[in-house]
Structure formats: structure tokens, C-alpha cells
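Quick notes on the structure that follows.
All values derive from a computational prediction rather than experimental measurement.
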Amino acid sequence: MALKENIQTLLAQVGEMKATSAEELESLRIKYLSKKGEITALFNEFRTVPGDQKRELGQMLNQLRQQAESRINELKEQFEAKQAEADKLDLTRTPDPIALGTRHPLSMVREEIEDIFSRIGFTIAQGPEVEDDKHVYGMLNFAPEHPARDMQDTFFIEKEKGVQKPTDVLLRSHTSSVQTRVMTSQKPPIRVLCPGRVYRNEAISARAHCFFHQVEGLYIDKHVSFADLREALLYFSKEMFGSETKIRLRPSYFPFTEPSAEMDISCNICGGKGCSFCKGTGWVEILGCGMVDPNVLEACGIDSKEYSGYAFGMGVERITNLKYRVKDLRLFSENDVRFLRQFESC
């Protein structure tokens, strides 16, 4: 009965089988289950067992082999699970938890504006932020003595160190400079939207900043009328602020448009009934617009007798204020995560 005792000894060993590494586990498999392993040797010895003992010992041998295979597979799965977990670790990450970010509200509103106007044929045009006086003012019908050229409003860039007088190199104060570049490089029909950052030498406060973002539009073709401008802006207002939104156009003045207008929308907070946000008027100003001045068309090489067009411009911060009721412009550029987290679901 030496075989029976050997089987029982190995059963006890298999039940207590442990391994601390994959290499150690492989050594155990070879020791017990390989062609020269101890369990295989017992099966070879089983051939010489008398017939009346084969049934009992055969069952014990099968149980031993199954238990050894099961234990080795169990340990193998444990090592594989640990390895898979280790593979998930990013050793380049910091030990501190990293919070997920969110899109900036100005980016979301700018993209929404672009999407609305793209539905009626506008394409995106970009231009440099460091510009020259010609494209920012000269070709837009600004007189040489216009106040906007003054150092108090425009950031001029000095060509040489120590030079104090203004030069013709500056940070653009509006994205209309992109429109002049488009008009001098393309032939009508032109239908472009010009988003971008602009700069003005102003004191930073809750209502003003030295840099902000604009979206300006330009449409030039034959027989373009003020009615076309009104319908485009009405469509935009309803898409951005809701189908019940109303607009009104008030006469105004801009050097590069004639006639010019300021556009108001019915207050989206009180529905036009009057509240503190609209100062009891029921209306909120959102943009300026008008028909492109013939002098601007001619300066850009477009025949003003054959073509006409309209232009409009709005501040992205202004639209964002109306949409999300942000009262302080400084919040947009301070990178305060408490403010930005409010837009995680947008």
C-alpha cells in the first residue's frame, strides 16, 4: 500500500501549495505535473497495482491530478490579475488626484455663434493679432485724428527700444482687420465670420478688460440690403436666445458702416417686462451693425457701385453674460476652477 500512502502525502502537499511568483509556480507545475513529475510517476507505478486495488487507487490518482491542476490554475489566475492591475498603473501620474477639466464658457459660446451663422452660409476667417494701422484703421474709414488711434485706446508696439512715439504696428482693437484682409484678397461674393481676441488699453473692472473676444460678420454681394442684415440678425437672436426673442435696431455711428445701428434683444431674463438686468427697459444691447461704407469697399478694391454689403460685430463675453448671467468679466480670465466647474455639464 506504499502507492496509497504516496498519493495521500501528495494530496496534502497540493492542498498547501503556495507560490510567490510566476517562476515559482512554474517550478511547482513541473515538479508535480510534467512528464517526469511526481504525479506522473505515480501513474506509471499504478500499472503494477493488483486488479482488486485499481478501482480505489485509480480514483485517488485522478483526484490528486485534478486537485493539483485546479490549484495551479487558481494561483496562475491570481498572478495574472495582479499583473493586469499593475499594467493599469500610470507611473508618470502624480500621487494627487487629477480632476477632469471642462470647456471654457467663452469657447462654448463662440462655437455656438459660429455654428449658427454657418447654417446660413458664413465661413470662418482668421487674421493676425499683431496688425498694422492700415488694416485696423486706415482701410476702415477712420480719419487720421480719430480718437481710437490715440494711445489711450490702442496698444501700439514700439519698433525700437526707447522710441516713445506711436508706430503703425499695434495689437488689433477689433477683428474688422480680418475683414479688410479678406476683402483685399477675395472677390465678392464674400460671406465670412471673423472670431478672435482683441486688445484695448482700458482699466480692468467688472465691466471692462484690456483684452476680450469678438465675432464679426461680413457679407458682400450684389444687391445686399439692410433688410438682409436685419433678417440674419433676427435669425441669430432666435437661435441663440430662444424663438420668442425680439430685436430692435437703433441708429448709431461707426466709421466703417453707413447707415449704422446698435441692436438690442428683448431681455431673456424677464421676457421684456423689465428687470434690474435690463434696467427696467425690457431690452439689452448685444451688438453693432450696419451697411459697409462705400469708402471701405473702394479702399479694399471692391467697386461700391456694383457691390454692397453689411457687417456686424459682437463681444463674446457680452453674449456669454446674457446666456449664463456672469456679472464680472474678470472671471473669464482668472482661471478660478470654482467658476469653471459650474460649466461641467454644459
Side-chain angles (χ1 to χ4, degrees), residues 102-127 174-179 181-183 186 188-198 212-221 224-250 252 254 256-257 260-272 277-278 282-292 308-326 329 332 342-346:
T102 179
R103 296 167 63 207
H104 197 282
L106 292 180
S107 297
M108 292 189 290
V109 171
R110 188 201 71 236
E111 290 173 7
E112 187 174 358
I113 295 171
E114 293 173 358
D115 178 65
I116 291 172
F117 281 104
S118 69
R119 300 174 207 161
I120 53 176
F122 283 82
T123 59
I124 303 299
Q126 301 283 357
H174 48 198
T175 54
S176 301
S177 57
V178 181
Q179 297 179 12
R181 288 188 175 274
V182 171
M183 285 188 283
Q186 297 182 23
I190 297 171
R191 197 193 300 254
V192 295
L193 203 65
C194 309
R197 179 179 291 183
V198 298
F212 53 97
H213 301 79
Q214 283 187 336
V215 174
E216 298 194 28
L218 174 71
Y219 176 39
I220 297 176
D221 202 350
V224 176
S225 68
F226 200 93
D228 298 321
L229 169 62
R230 182 187 181 280
E231 289 305 308
L233 296 180
L234 178 62
Y235 170 78
F236 162 73
S237 301
K238 289 181 178 290
E239 290 295 306
M240 175 62 74
F241 298 106
S243 58
E244 301 301 319
T245 303
K246 299 178 182 178
I247 68 170
R248 72 176 184 183
L249 296 167
R250 296 177 287 104
S252 186
F254 303 109
F256 38 85
T257 54
S260 303
E262 298 277 2
M263 193 186 87
D264 305 329
I265 62 167
S266 54
C267 181
N268 61 328
I269 296 177
C270 65
F277 187 83
C278 62
W283 297 94
V284 181
E285 178 189 330
I286 67 167
L287 58 82
C289 60
M291 300 300 294
V292 180
S308 59
Y310 64 69
F312 57 86
M314 68 188 81
V316 179
E317 282 84 350
R318 179 64 169 168
I319 304 300
T320 308
N321 286 346
L322 293 173
K323 194 170 182 65
Y324 296 114
R325 305 182 191 180
V326 180
L329 285 177
F332 292 127
Q342 299 178 59
F343 302 91
E344 288 179 345
S345 60
C346 296

Do I190 and Q179 come close enough that some side-chain heavy atom pair is under 4.5 Å? no
Do side-chain atoms of S308 reach the backbone of V224 as a donor and acceptor pair under 3.5 angstrom? yes
Side chains of Y235 and I116 in contact at under 4.5 Å (non-hydrogen atoms): yes
Return the CD1 to CD distance between I124 and E114, rounded to the nearest 0.5 Å. 4.0 Å
Compare all side-chain heavy atoms of V284 with those of R318 and state whether any distance is below 4.5 angstrom. yes
Should F212 and L329 be marked as a side chain to side chain contact (heavy atoms under 4.5 Å, CB included) after you check the CA-CA gap, both sets of side-chain angles, and the distance that decides it? CA-CA 9 Å; F212 53 97; L329 285 177; over 6 Å; no
Step by step, work out the side chain to side chain contact (heavy atoms under 4.5 Å, CB included) result for C289 and L249. CA-CA 9 Å; C289 60; L249 296 167; 4.0 Å; yes
Sub-4.5 Å side-chain heavy-atom contact between F343 and H104: no
Between OG1 on residue T320 and CZ on residue R325, distance to nearest 0.5 Å: 14.0 Å
Would you check if the side chain of Q214 reaches a backbone N or O of H174 as a donor-acceptor pair within less than 3.5 Å? no
Do E285 and R250 sit within salt-bridge range, that is, some charged N less than 4.0 Å from a carboxylate O? yes
Could you check R110 against H213 for side chain to side chain contact (heavy atoms under 4.5 Å, CB included), going step by step and ending with a plain yes or no? CA-CA 9 Å; R110 188 201 71 236; H213 301 79; over 6 Å; no
Sort out for me which residue in L322, L287, L233 forms a side chain to side chain contact (heavy atoms under 4.5 Å, CB included) with I265. L322
Flag side-chain contact, heavy atom, 4.5 Å: I113 against M314: yes
Walk me through whether D115 and E239 qualify under side chain to side chain contact (heavy atoms under 4.5 Å, CB included). CA-CA 10 Å; D115 178 65; E239 290 295 306; over 6 Å; no
Output yes when a side-chain donor or acceptor of S252 lies under 3.5 Å from a complementary backbone atom of E262, and no otherwise. no
In the structure I gave you, are the side-chain heavy atoms of R103 and E111 within less than 4.5 Å of one another anywhere? yes
Positive for ring-ring contact (aromatic ring centres under 6.0 Å, His included) with F236, one of F122, F117, F312: F117
